[in-house]
Amino acid sequence: QVRLVESGGGLVQAGGSLRLSCAVSGSISSINAMGWYRQVPGNQRELVAGITSGGSTNYADSVKGRFTISRANAKNTVYLQMNGLKPEDTAVYYCNADQVTTNGALYRELWGQGTLVTVSS
């Protein structure tokens, strides 16, 4: 069974940093794009940052210059380094993996369980 396991959320003061990790467990052959999304209660889930299998990245305008997404393909893991955190970054952050192939199976889109990031002012 393929699962996305997130870690690294928590409470931090404004201006601080956190690093989120998301590991894809299972007998993984390949993963296409991976990304981080966030959601505030009452709002739609929004893309924070994405990274392709080749390492190309894209960011939401609100986090450009502060957040950095990276991935370790050998570990099937994606990271989100968040610096200069602001109270408006407070949300549940979800990891996403697109086009995950295993032994004979293809998963088109997988989500982690979410990790809460709270930034105090």
Side-chain angles (χ1 to χ4, degrees):
Q1 185 176 1
V2 179
R3 294 176 58 214
L4 275 62
V5 181
E6 301 154 349
S7 61
L11 173 63
V12 65
Q13 288 188 332
S17 298
L18 284 173
R19 188 191 195 209
L20 305 182
S21 298
C22 172
V24 184
S25 65
S27 300
I28 307 301
S29 298
S30 65
I31 304 172
N32 188 19
M34 301 186 76
W36 289 95
Y37 290 71
R38 66 187 180 188
Q39 188 170 22
V40 175
N43 289 3
Q44 287 189 331
R45 192 171 296 186
E46 63 175 4
L47 175 67
V48 176
I51 185 167
T52 68
S53 57
S56 297
T57 61
N58 64 291
Y59 297 92
D61 287 342
S62 59
V63 307
K64 283 181 181 177
R66 299 188 297 123
F67 291 9
T68 302
I69 189 170
S70 61
R71 63 190 283 177
N73 289 332
K75 297 180 180 179
N76 297 318
T77 300
V78 64
Y79 306 96
L80 185 67
Q81 178 66 44
M82 305 185 293
N83 299 328
L85 282 160
K86 304 176 181 180
E88 51 263 42
D89 293 318
T90 296
V92 177
Y93 284 70
Y94 295 90
C95 174
N96 173 272
D98 177 63
Q99 304 281 345
V100 180
T101 59
T102 63
N103 294 333
L106 171 64
Y107 298 84
R108 297 196 179 277
E109 189 169 47
L110 295 172
W111 292 93
Q113 79 283 0
T115 185
L116 178 62
V117 172
T118 303
V119 184
S120 62
S121 58

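All values reported here derive from a predicted model rather than from experimental measurement.
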Partner residues of R66 under the salt bridge (Lys or Arg N to Asp or Glu O under 4.0 Å) criterion, sequence neighbours left out: D89
Identify each donor-acceptor pair in which a side-chain atom of residues 109-121 lies under 3.5 Å from a protein atom, sequence neighbours left out, and give them as a table.
{"from": "E109", "atom 1": "OE2", "to": "N96", "atom 2": "ND2", "distance (Å)": "3.3"}
{"from": "T115", "atom 1": "OG1", "to": "G9", "atom 2": "N", "distance (Å)": "3.3"}

Shortest non-hydrogen contact between I31 and S53, atoms and distance: O-CB, 3.7 Å
Verdict with reasoning, I28 to T101, per side chain to side chain contact (heavy atoms under 4.5 Å, CB included): CA-CA 6 Å; I28 307 301; T101 59; 5.8 Å; no
Criterion side chain to side chain contact (heavy atoms under 4.5 Å, CB included) on Y59 and I69, from CA distance to verdict: CA-CA 9 Å; Y59 297 92; I69 189 170; 3.5 Å; yes
Qualifying disulfide (SG to SG under 2.5 Å) pairs with a residue from residues 57-91, counting only residues at least two apart or across chains: none
Pairwise side-chain contact, I51 with V78, heavy-atom cut-off 4.5 Å (strictly under): yes
Check: T68 main-chain N/O paired with Y79 side-chain donor or acceptor under 3.5 Å: no
Contact list for residues 69-88, test salt bridge (Lys or Arg N to Asp or Glu O under 4.0 Å), sequence neighbours left out: none
Heavy-atom side-chain proximity of Y94 to E6 below 4.5 angstrom: yes
By side-chain hydrogen bond (donor to acceptor under 3.5 Å, both in side chains) - contacts of S7 (at least two apart): none
Transitive ILVMFWY cluster of L11, excluding itself - 4.5 Å side-chain cut-off: none
Contacts of type side-chain hydrogen bond (donor to acceptor under 3.5 Å, both in side chains), residue R19, not counting sequence neighbours: none
Atom of G8, atom of L18 and distance for their closest heavy-atom approach: O-CD2, 3.9 Å
Partners meeting side-chain hydrogen bond (donor to acceptor under 3.5 Å, both in side chains) with E46 (sequence neighbours left out): R38
Side chain to side chain contact (heavy atoms under 4.5 Å, CB included) between Y93 and Q39, intermediate numbers included: CA-CA 7 Å; Y93 284 70; Q39 188 170 22; over 6 Å; no
Beyond-backbone contact of F67 with L85, side-chain heavy atoms, under 4.5 angstrom: yes
Non-hydrogen side-chain atoms of T102 and Y107 separated by less than 4.5 Å: yes
Disulfide (SG to SG under 2.5 Å) pairs, two or more places apart, involving residues 20-121: C22-C95
Minimal non-hydrogen separation, A97 against L4, with atom names: N-CD2, 3.8 Å
Within residues 34-66 or reaching into it, pairs that qualify as disulfide (SG to SG under 2.5 Å) - sequence neighbours excluded: none
Heavy-atom pair with the smallest gap, counting every atom of S17 and N83: OG-OD1, 2.9 Å
Any residue meeting side-chain hydrogen bond (donor to acceptor under 3.5 Å, both in side chains) with D98, in chain and number order, not counting sequence neighbours: N32
Minimum heavy-atom distance between L80 and A49, given as atom pair plus value: CD1-CB, 4.1 Å
Closest non-hydrogen atom pair, L47 against W36: CD1-O, 3.6 Å
With S25 via side chain to side chain contact (heavy atoms under 4.5 Å, CB included) - residues at least two apart: R3
Check: T77 and V24 side chains under 4.5 Å, non-hydrogen atoms: no
